[in-house]
Amino acid sequence: MKTFILVFFISAVLSACSFNQTENSRKNAEVSEINIKLSLAYLTQAHDALRAKQKLLLAQQQAPDDPAVWYVTGYFLETIGELFAAERAYLHAIKLAPKRGAAHNNYGVFLCKHGRYTQSIQQFLLAVNDPDYLAVTSAYKNAAQCALKIPDSVLANKYFQLAGAINSNI
């Protein structure tokens with residue numbers, strides 16, 4: 001009987017700990033999302049890279065497994081000229097969520113900006129394969145824009161048509 005009570009007590013404590021961890025994880029994710037948004041605002045609107053970096057570091061501590069933290073970190077690092085570190089951050093986001101369209105689209109934009117057109121198009125196509133990704137039209141348009149830089153107008157036209165087909169179905 002004492003063993004049963006002890007096992008019951010330990011399970012109850014572990015369940016409570018698990019609930020608290022889940023609750024804490026949810027709160028950390030929410031706070032992390034706020035810090036990500038603040039970081040982007042500091043970077044793009046206030047042009048304050050120091051505050052943007054501080055908010056990103058907080059977000060990384062709060063939700064280190066959130067791919068959004070890492071692709072925004074990639075964008076930040078790209079903006080301040082740290083291209084090698086930016087690419088690592090984008091790739092880390094993909095590692096955390098290999099099927100997430102946003103992670104692939106953001107990395108594709110990075111690759112296209114830096115002349116790696118074929119690789120970028122591959123990333124855009126991975127983005128459109130995510131059934132939960134809402135910005136499929138943007139990914140196709142990004143692929144088309146990048147194809148124009150190759151230059152490959154036939155491929156660009158194909159992706160513009162795919163983007164248009166999605167818009168006409170909405």
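Bear in mind the structure is a predicted one, so any value in this text is a computation, not a measurement. Residues: numbered from 1 along the sequence shown.
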Would you check, one step at a time, whether the test side chain to side chain contact (heavy atoms under 4.5 Å, CB included) holds for Y117 with D152? CA-CA 10 Å; Y117 307 126; D152 187 336; over 6 Å; no
Check against side chain to side chain contact (heavy atoms under 4.5 Å, CB included), L162 and V128: CA-CA 11 Å; L162 288 167; V128 302; over 6 Å; no
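Shortest non-hydrogen contact noted between A68 and R100 is N-NH1, 4.1 Å. A103 approaches A97 most closely through the heavy-atom pair CB-O, 4.5 Å. Across every non-hydrogen atom of A52 and Y42, the tightest pair is N-CB, 3.8 Å. In this structure, K141 and A163 approach most closely via the heavy-atom pair CG-CB, 3.8 Å. Scanning all heavy atoms of the two residues, the minimum distance from Y133 to A102 falls at CE1-N, 3.4 Å.
A distance-only check finds a donor-acceptor pair linking the side chain of H104 to the backbone of P98 [under 3.5 Å]. A side-chain donor-acceptor contact under 3.5 Å links N129 to the backbone of L125. Of the possible polar contacts, one joining the D130 side chain to the G101 backbone as a donor-acceptor pair under 3.5 Å is found.
Connectivity analysis of hydrophobic side chains (ILVMFWY, heavy atoms under 4.5 Å, direct or indirect) links I36 to L40, L43, L56, V69, W70, Y71, V72, Y75, F76, L77, I80, L83, Y90, L91, I94, L96, Y107, F110, L111.
At least one side-chain heavy atom of Q54 sits less than 4.5 Å from a side-chain heavy atom of L50. The shortest side-chain heavy-atom distance between E30 and R26 falls under the 4.5 Å cut-off.
Rounding to the nearest 0.5 angstrom, the gap separating the CG atom in L38 from the CG atom in D48 is 11.5 Å. Atoms CG and OG, from N105 and S120 in turn, are 10.0 Å apart once rounded to the nearest 0.5 Å. Atom CD of Q119 and atom NE2 of H114 lie 12.5 Å apart (nearest 0.5 Å). Here NE2 of H47 is found 8.5 Å from CD of Q45. Values are rounded to the nearest 0.5 Å. One finds the CD atom of Q62 at 10.5 Å from the CD atom of Q60 (value rounded to the nearest 0.5 Å). Atoms CG and CG, on N28 and D66 in that order, are 11.0 Å from each other to the nearest 0.5 Å.
In this structure, K113 places its NZ atom where more than 12 heavy-atom neighbours from other residues, nucleotides or ligands lie under 6.0 Å away. The 12-atom threshold is not exceeded at NZ of K95, counting heavy atoms of other residues, nucleotides or ligands nearer than 6.0 Å.
In the hydrophobic clustering of ILVMFWY residues, with side-chain heavy atoms under 4.5 Å counting as a link, L155 and Y140 come out together. Under a hydrophobic-cluster definition in which Ile, Leu, Val, Met, Phe, Trp and Tyr are linked whenever side-chain heavy atoms come within less than 4.5 Å, directly or via other members, L58 and V31 are assigned to different clusters.
For R116, the salt bridge (charged side-chain N to carboxylate O under 4.0 Å, His left out) partners are E87, not counting sequence neighbours.
Residue pairs meeting the disulfide (SG to SG under 2.5 Å) criterion with at least one member in residues 104-157, sequence neighbours excluded: C112-C146.
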